[in-house]
Amino acid sequence: MKVDVLLGLQWGDEGKGKVVDVLTPRYDVVARFQGGPNAGHTLEFEGQKYVLRSIPSGIFQGDKVNIIGNGVVLDPALFKAEAEALEKSGHDLRKKLHISKKAHLILPTHRFLDAAYEAAKGDSKVGTTGKGIGPTYADKISRTGLRVGDILCDFETKYAKAKTRHEQILRSMGFSYDLSSVEKEWLEGIDYLKRFPLVDSEHEVNGILAEGKTILAEGAQGTMLDVDFGSYPFVTSSSTICAGACVGLGVSPHRIGEVYGIFKAYCTRVGSGPFPTEQKNEIGEKIGELGHEFGAVTGRKRRCGWIDLVALKYAVMINGVTQLIMMKSDVLDSFDTIKACVAYEVGGKEIDYFPYEVDDSVKPVYVEIPGWNCDLTGMTSENEFPEEFNQYLSFLENELGVPIKIVSVGPDREQTIIRYQD
Ligand code: GDP
Ligand code: IMO
Ligand code: MG
């Protein structure tokens, strides 16, 4: 059988967690393939709200196995806190959460390095989540990283070596830090990890497929934060795109089935970097307020703006999206007019493709669409959609060339409308 991939098409926080939870009943297994605790995936159901960072969002649907794949970077201390909180609220994770031995470990010193590199960048800092993501992936590529499997054999020596190397860099940068305050709970996290099945996930994943079962691969971040195709250097350090699922789980490209591309009815971004449709005005404030646009991980205020179809088309192309999912439609319920960016003006010329360089000189070209001015949040079927909302959906489908198969009208699991049921 196939691996279907669900991934963000914008700058993250599109609502991936909610939709993975909604789609999980259709699959046998859910697997994360990249990123780490920089992710914050929010799920709401039965009056409860959960934010997942390293644990896949299929964890609440029965006994389905959830896998943390080899492409993920894992902070044992944060993982322990996240898993213990879930166990306290009655969710038994022990048997159903499997962790790849090839996933890389985020060390406490990686977090300090993240902070040190950001400080050294000054005004041009990336605005990272501060979770040590970049330095951990850098060690992976430099072939000096530690992996989950390393905790099973002679870990102390390996850890001491990596720590010494990191501390030399930190000292050379004149960065002051207090390792003792965080190292103890990190080492407790290392012990805690051993309670979970630590697996050769590439064998497990391919075995599951060979048995005729299905897998949903859950992306983190978004295409515009991809290390190759995002707004470099203001990106994260992993492959957030569909191809990342092959590398991050160990599956062949011919195993990929549906590619669900998820986007908000508007656009947000956290951290630095270009954002052509950003509204630094009362419109952006209103979207932020109605959409509660604050980071699930850092609590930072998200930058808000209109939907950017130039960037979205690019993301659809890079990922080979087969189905679109539109989130947070309800946030635009009270706008008389909605704008959509259909081209960029660069140096007096209009272009409709995402260029190499996107800076402040890029001006968005908008079309205006009438708003629907009514409350979508209670709607349960697309038959209830107002005409103007249908027009917005048709306009986007036309521009992007892919059907919007799911529409979300609120944060709760139930506020999800499946269109064109297969
Ligand atoms: P993720 O990182 O892609 O999983 O997204 P986040 O969880 O960081 O951010 C999405 C936010 O929007 C969360 O607070 C969700 O509860 C919320 N959300 C998801 N879908 C909807 C929706 O359709 N309407 C509204 N108003 N909120 C939503
Ligand atoms: P989810 O999965 C939104 C952003 C950071 C920063 C850049 C690099 O919840 O959508 P990093 O810590 O990864 O080195 O930061 O990427 N970023 C996210 N923005 N949602 C996320 O995850 C993000 N993960 C990282 O704000 O600009
Ligand atoms: Mg998020």
Side-chain angles (χ1 to χ4, degrees), residues 6-22 32 34-45 48-54 56-57 72-73 75 106 110-111 113-115 117-118 125-138 218-227 230-238 240 262-275 287-303 325-333 375-377 379 406-417:
L6 183 140
L7 41 80
L9 298 180
Q10 295 163 321
W11 279 282
D13 301 328
E14 295 88 352
K16 299 174 288 294
K18 170 183 163 165
V19 177
V20 168
D21 170 60
V22 168
R32 274 276 303 268
Q34 47 69 231
N38 48 349
H41 294 180
T42 315
L43 290 78
E44 286 191 39
F45 55 90
Q48 297 288 325
K49 180 172 166 171
Y50 300 91
V51 179
L52 299 175
R53 299 165 78 171
S54 302
S57 301
V72 171
V73 289
D75 182 323
I106 302 176
H110 280 132
R111 270 189 263 163
L113 285 169
D114 195 355
Y117 293 145
E118 281 284 87
K125 70 174 185 194
V126 176
T128 71
T129 58
K131 302 290 177 252
I133 304 295
T136 306
Y137 277 115
E218 172 181 3
Q221 291 77 56
T223 302
M224 302 315 290
L225 288 170
D226 179 77
V227 68
S231 43
Y232 194 88
F234 301 102
V235 294
T236 191
S237 299
S238 65
T240 62
I262 180 166
F263 65 100
K264 287 181 194 180
Y266 49 95
C267 197
T268 63
R269 170 161 208 173
V270 217
S272 323
F275 181 3
I287 294 175
E289 208 167 289
L290 294 172
H292 305 291
E293 293 296 355
F294 293 91
V297 171
T298 58
R300 285 181 292 177
K301 200 171 169 181
R302 296 176 182 148
R303 300 155 65 192
I325 301 174
M326 185 164 95
M327 307 301 288
K328 303 193 92 158
S329 318
D330 53 298
V331 174
L332 299 186
D333 278 356
D375 181 4
L376 297 178
T377 56
M379 295 188 182
I406 300 177
V407 170
S408 177
V409 294
D412 194 89
R413 193 189 260 175
E414 302 297 327
Q415 291 172 300
T416 315
I417 295 171

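Source: prediction; values computed, not measured. Counting convention: from 1, in listed order, for ligands and their atoms alike.
Proximity of Trp11 to ligand 2, defined as any heavy-atom pair under 4.0 Å, is confined to the backbone N, CA, C and O atoms. Neither the backbone nor the side chain of Leu290 comes within contact range of ligand 1; no heavy atom lies under 4.0 Å. Residue contacts with ligand 2 for Arg300 involve side-chain atoms from C-beta outward but no N, CA, C or O (heavy atoms, distance under 4.0 Å). The residue Arg413 has no part lying near ligand 1, judged by heavy-atom distances below 4.0 Å.
Salt bridge Arg111/Asp75: present, at least one basic N to carboxylate O contact under 4.0 Å. Salt bridge annotation for Arg302-Asp13: present, with a cationic side-chain nitrogen under 4.0 angstrom from a carboxylate oxygen.
Nearest protein heavy-atom neighbour of atom 15 (O) of ligand 2: Thr128 CA, 3.4 Å. Closest protein heavy atom to atom 2 (O) of ligand 1: Gly40 O, 2.8 Å. Closest to atom 26 (N) of ligand 1 among all protein heavy atoms lies Asp330 OD2, 2.8 Å. The shortest contact between atom 12 (O) of ligand 2 and any protein heavy atom is with Thr129 OG1, 2.6 Å. Closest protein heavy atom to atom 4 (O) of ligand 1: Gly17 N, 2.9 Å. Nearest protein neighbour of atom 11 (C) of ligand 1, counting heavy atoms only, is Lys328 NZ, 3.6 Å. Among protein heavy atoms, the minimum distance from atom 10 (C) of ligand 1 is reached at Asp13 O, 3.7 Å. Scanning the protein for heavy atoms near atom 7 (O) of ligand 1, the closest one is Thr42 OG1, 2.5 Å.
Annotation: side chain of Asp114 is in contact with side chain of Glu118 (closest heavy-atom distance under 4.5 Å). Using a 4.5 Å cut-off on side-chain heavy atoms (C-beta onward), Ile133 and Thr128 make no contact. Contact annotation: the side chain of Asp330 never approaches that of Leu332 to less than 4.5 Å [non-hydrogen atoms, C-beta and beyond]. Counting only heavy atoms from C-beta outward, the side chains of Trp11 and Arg303 never approach each other to under 4.5 Å. Residues Pro411 and His292 are not in side-chain contact: their nearest non-hydrogen atoms beyond the backbone lie 4.5 Å or more apart. At a threshold of 4.5 Å between non-hydrogen side-chain atoms, the residues Thr129 and Arg300 count as touching. Side-chain atoms of Phe263 and Met326, non-hydrogen and from C-beta on, do get closer than 4.5 Å to each other.
Close contacts of ligand 1 with Gly410, meaning ligand atoms under 4.0 Å from a residue heavy atom, involve 20 (N), 21 (C), 22 (C), 23 (O), 24 (N), 25 (C). Listed by number with element, the atoms of ligand 2 under 4.0 angstrom from any heavy atom of Ala220 are 2 (O). Each of the following atoms of ligand 1 lies closer than 4.0 Å to a heavy atom of Ser408: 20 (N), 21 (C), 22 (C), 23 (O). When each atom of ligand 2 is checked for a heavy atom of Gly271 under 4.0 Å away, the hits are 27 (O). Interface of Glu44 with ligand 1, defined as ligand atoms under 4.0 Å from a residue heavy atom, comprises 16 (O). When each atom of ligand 1 is checked for a heavy atom of Met327 under 4.0 Å away, the hits are 20 (N). Interface of Val270 with ligand 2, defined as ligand atoms under 4.0 Å from a residue heavy atom, comprises 3 (C), 19 (N), 26 (O), 27 (O). Listed by number with element, the atoms of ligand 2 under 4.0 angstrom from any heavy atom of Ala39 are 1 (P), 2 (O), 9 (O), 22 (O). Near Val235, with a cut-off below 4.0 Å to any heavy atom, the atoms of ligand 2 are 7 (C), 8 (C). Residue-ligand proximity, Lys18 to ligand 1, at heavy-atom distances under 4.0 Å covers atoms 20 (N).
For a threshold of 3.5 Å applied to N or O pairs, the pair formed by Lys16 and ligand 2 contains at least one separation below that value. Geometrically, ligand 2 and His41 share a nitrogen or oxygen pair separated by less than 3.5 Å. Considering backbone and side-chain atoms together, Asp114 places no N or O closer than 3.5 Å to any N or O of ligand 2. In terms of polar-atom proximity, defined here as any N/O pair under 3.5 Å, Gln221 does make such a contact with ligand 2. Where the criterion is an N or O separation shorter than 3.5 Å, residue side chain and backbone included, Lys49 fails it with respect to ligand 1. Close N/O approach between Asp13 and ligand 2 is found [any backbone or side-chain N/O within under 3.5 Å].
With Asn38 as reference, Gln221 is the one residue of Arg53, Lys131, Gln221 to meet the side chain to side chain donor-acceptor pair (under 3.5 Å) rule. Just one of His41, Arg32, Gln34 meets the side chain to side chain donor-acceptor pair (under 3.5 Å) condition when paired with Glu218; it is His41. When each of Asp21, Thr42, Leu6 is tested with Lys16 by the rule side chain to side chain contact (heavy atoms under 4.5 Å, CB included), just one qualifies, namely Leu6.
Heavy-atom minimum distance, Tyr137 versus Gly35: OH-N, 2.9 Å.
In terms of distance to the Mg ion (ligand 3), the nearest N, O or S atom of Asp13 is named OD1.
Here the side chain of Thr240 pairs a donor or acceptor atom with the backbone of Gly222 at under 3.5 angstrom. Remark: the backbone N or O of Gly12 is paired with a side-chain donor or acceptor of Glu14 at under 3.5 angstrom. Between the side chain of Thr377 and the backbone N or O of Val409, no donor-acceptor pair lies under 3.5 Å.
Using a 4.0 angstrom heavy-atom cutoff, Arg302 counts as in contact with ligand 1. Using a 4.0 Å heavy-atom cutoff, Gly40 is listed among the residues neighbouring ligand 2. At a 4.0 Å cut-off, not a single heavy atom of Gly291 sits close enough to ligand 1 to count as contact.
Of the candidates Gly230, Gly127, Gly130, it is Gly127 that places a heavy atom closest to atom 5 (C) of ligand 2. Of all the listed residues (Thr236, Leu225, Asn38), Leu225 holds the heavy atom that lies closest to atom 17 (N) of ligand 2.
Distance check, rounded to the nearest 0.5 Å: OH of Tyr232 to CG of Asp226 gives 11.5 Å. Annotation: the span from Ile406 atom CD1 to Ile262 atom CD1 amounts to 8.0 Å, rounded to 0.5 Å. Met224 CE to Gln10 CD: the interatomic distance, rounded to the nearest 0.5 Å, is 9.5 Å. One finds the CE atom of Met327 at 9.5 Å from the NZ atom of Lys264 (value rounded to the nearest 0.5 Å).
When distances to the Mg ion (ligand 3) are checked against a cut-off of 2.8 Å, Gly40 contributes an N, O or S atom below that limit.
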